[in-house]
Participant: 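Submitted below is the structure of interest, expressed as structure tokens.
A note on names: the letters A, B, ... follow the listed sequences, proteins ahead of strands, and every chain is numbered from 1.
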Amino acid sequence: MAARVLQQCVRSFARPSLRLCTRNVAVRATATPAVFIHRPLSFAAESPRTRLFGQSRISVGVFCRQYGDLPPLTLETIKERVMYVLKLYDKINPEKLQTSSHFMKDLGLDSLDQVEIIMAMEDEFGFEIPDAEAEKLMTPEEIVQYIADKKDVYE
Amino acid sequence: MRHSKLQQQVLVLYRQFLRAAQNKPGFIPRIRDEFRENARIKKTDVMHIEYLFRRGQRQLEQLRDANTKQLGSFSKPKGSG
């Protein structure tokens with residue numbers, strides 16, 4: 001199975017595509033480490049030979065880089081993360097929290113708390129939210145929409 | 001929710017304080033308490049607010065200085081003395 005995976009890796013490498021071994025990353029549970037590729041075209045000819053090698057590493061010559069990345073953002077995951085962060089905030093009662101609850105009118109927070117909440121969101125999602133736009137975000141739903149907007153998440 | 005210019009400046013200052021104090025232990029509770037306490041001032045008392053705002057800016061500069069490491073305080077235990 002590892003050999004078949006290697007073959008897929010080589011073929012996707014030989015094709016000038018950006019999605020480098022993305023199928024492999026999902027298929028391989030444990031990281032079989034990198035194998036070094038010399039020349040993509042000539043390697044395709046050698047591929048029957050790699051079937052024999054199977055698990056061996058250095059003797060085969062294919063380099064397949066596995067890029068680590070964060071899990072993809074969807075509206076659902078953004079909403080879960082936003083609600084999770086809000087539940088951790090000590091001034092919010094987790095039972096009363098809904099996606100449509102207004103921070104000031106329903107939850108009784110004030111503008112200083114709202115600043116803290118937006119900062120927590122910035123830390124969670126890893127990007128800066130400018131002040132002009134931050135002061136308009138008054139419900140969890142609006143925060144989710146804003147982040148989806150900024151991160152280009154469509155459904 | 002329309003904030004006046006001064007209110008917006010105060011909120012920006014609050015944000016800057018929280019950011020600056022992130023890696024320095026002991027500042028965050030003090031900052032939060034101070035801002036919370038002064039939030040009670042009436043909106044019309046502009047002189048006082050502006051005074052506190054300037055004071056806050058100077059304190060922010062002190063906080064940002066690399067030599068400031070942490071904040072601690074003494075408190076008198078209840079029931080003694």
Participant: Should B:T68 and B:F27 count as side-chain neighbours, where that means a heavy-atom distance under 4.5 Å?
Facilitator: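 Heavy-atom side-chain distance check passes, below 4.5 Å.
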Participant: What residue, out of A:V115, A:D131, A:L112, has the most heavy-atom pairs lying under 4.5 Å from chain B?
Facilitator: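 Among the listed options, the one with the most contacts to chain B is A:L112.
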Participant: With only heavy atoms counted, which part of A:D110 is less than 4.5 Å from chain B, the side chain, the backbone, both or neither?
Facilitator: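 The side chain, not the backbone.
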Participant: For A:M138 and A:M104, work out which heavy atoms get closest and say how close.
Facilitator: CE-CE, 3.4 Å
Participant: Please look at B:Q7 and chain A and tell me whether the side chain, the backbone, both or neither of the residue comes under 4.5 angstrom of a heavy atom of that chain.
Facilitator: neither
Participant: Looking only at non-hydrogen atoms, find the nearest pair between B:F53 and B:Q9 and report the distance.
Facilitator: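 Residues B:F53 and B:Q9, closest heavy atoms: CE1-O, 3.6 Å.
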Participant: Checking B:R19 against chain A: side chain, backbone, both or neither under 4.5 Å from a heavy atom?
Facilitator: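 Both parts, heavy atoms under 4.5 Å.
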Participant: Within the structure provided, determine whether A:K79 and A:P140 are in side-chain contact (heavy-atom separation under 4.5 Å).
Facilitator: no
